[in-house]
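The model shown is predicted, which means the values in this text are computed figures rather than measured ones. In listed order, ligands and their atoms are each counted from 1.
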Amino acid sequence: MVRAFLIKYAEIGIKGKNRYVFENALRDRVLERLSRCEGEFIVEKEQGRIYVEAKTAFDPEEVTEALTHVFGIAHICPVVLVNDKTFSHVCEELVAHMKEELGEKPFTFKVFAKRSDKNYPMESPEICVEAGAYILDHMENARVDVHQPEVSVYVEIRHRAYIYVSSVKGPGGMPVGTSDRSMLLLSGGIDSPVAGYMMAKRGVQIEAVYFHAPPYTSERAKQKVVDLARLVAEYAGTIRLHVVNFTDIQLYIYDQCPHDELTILMRRYMMRIAERIAKESDCLSLITGESVGQVASQTMQSLAATDAVCTMPVFRPVIAFDKNEIIEIAEKINTFETSIQPFEDCCTIFVAKHPVTKPNIAKMENSEKNLAEKIDEMVEKAISEREILKVEP
Ligand code: ATP
Ligand code: MG
């Protein structure tokens, strides 16, 4: 019976002297994720691997599914632990497990053995040969192929014997929390949740900001963003979501500036506010879901016009992705269905029929002079009155 999981690392294996930082973070993220599964688990680091062992009854499928959400994991192997490591007993358990996993279908295999218990009476090559022979004797559907086996059979002799024959692909990436913190501009669309997921995959701790414009945008539109943050949190861990009321700023820009510049001016204020909140929250960068050429506000000139108001780096992980490539990821991480719910987001109401597509920064700055009287005060108010939600997975 499967009682443990061997977790093989993704990239963190190559982190040299800082490796323990990554391993500890991975262990912590695994424990956090498993705390939401049925059962009790212990997690142990050992020789470049992590073992998860169940101390109580548990659901192997639920645990495997949970672990596919933890960045830093390359492979998850369900392991049978054998306390009595007498070789004949290990072989019996091995074949029983293989029958359960592989059924009656013909397959080719190769045995890999590892012996950490140096007092064990057999050496690794002998374990391979003998275990292979035992499998051939007891499974008619088995055939050896040492070059390209369909099934890799692992037998590890430690203080107990560990047996595993299959593995599930993990999500890759690096454990969240190992690459500092970043502020995601999260809208209700398809792109920004994907952008957040992609940065979290590189170990970045995500914080998020959403600009809403009540009564032009509804409570339901805000709930949709909270729902999206929760789905991203399935991978990224708990996300602090700052909800900023943008209505007054939007109306003021609408009253004072040329309408074809609205979108870009609004985006510049979103970026400014996002950066202010990011600094307060110890974030070192911003993240958006922009993709070059997708809409008027995402031309090279528009991107330059929004970047110009920030000093922090702005990461746009989907910048070179086609919409269908972004959708593919959105479907994989389960945000797509929520993203396409038809609730207005704050930009759609104020969009001009013919927005400028090649904004000139000097001209934008000039238009912003029309806002001089009240804008600073409005920005302060929007920041200080923001709502902060803790969105847990
Ligand atoms: P998305 O699918 O992420 O909504 P989009 O194609 O609708 O993207 P835009 O509306 O131009 O693109 O927005 C570009 C980016 O600006 C978004 O990906 C997001 O990062 C940010 N953004 C836009 N509107 C908001 C908002 N109301 N609150 C927070 N961020 C926003
Ligand atoms: Mg949008």
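- Remark: ligand 1 and F211 share an N or O pair separated by less than 3.5 Å (distance only, no angle test).
- Side-chain contact between Y216 and Q250: absent, with no pair of heavy atoms (C-beta onward) separated by less than 4.5 Å.
- Of all the atoms in ligand 1, the ones that sit under 4.0 Å from a non-hydrogen atom of T288 are 20 (O).
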- prompt: Stepwise, does the side chain to side chain donor-acceptor pair (under 3.5 Å) test hold for Y210 with R386?
  reply: CA-CA 10 Å; Y210 166 59; R386 73 184 188 273; over 6 Å; no
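- Only one option out of V151, I135, V144, V146 pairs with V111 in a side chain to side chain contact (heavy atoms under 4.5 Å, CB included); it is I135.
- The six-membered or imidazole ring of Y254 lies near that of H259, with a centre-to-centre distance under 6.0 Å.
- Not a single heavy atom of H212 sits closer than 4.0 Å to an atom of ligand 1.
- Hydrophobic clustering keeps L286 apart from M198 (ILVMFWY residues linked when any side-chain heavy atoms are closer than 4.5 Å, directly or through intermediates).
- Judged by distance alone, with hydrogens and angles left aside, the side-chain atoms of S281 form no donor-acceptor pair with the main-chain N or O of C283 at under 3.5 Å.
- Residue L186 approaches ligand 1 through these ligand atoms, each under 4.0 Å from one of its heavy atoms: 28 (N), 29 (C), 30 (N).
- Inclusion of Q298 in the set of residues having an N or O under 3.5 Å from an N or O of ligand 1 is warranted.
- An N or O contact shorter than 3.5 Å links I190 to ligand 1 by distance.
- For ligand 1, the atoms lying closer than 4.0 Å to a non-hydrogen atom of V209 are 29 (C).
- Proximity to G289 (heavy-atom distance under 4.0 Å) selects the following atoms of ligand 1: 17 (C), 18 (O), 20 (O).
- Listed by chain and number, the residues in a ring-ring contact (aromatic ring centres under 6.0 Å, His included) with H97 amount to none (sequence neighbours excluded).
- Interface of D191 with ligand 1, defined as ligand atoms under 4.0 Å from a residue heavy atom, comprises 1 (P), 2 (O), 3 (O), 5 (P), 6 (O), 8 (O).
- Distances from atom 16 (O) of ligand 1 to the heavy atoms of M266, Q250, R267, M270 show the closest one on R267.
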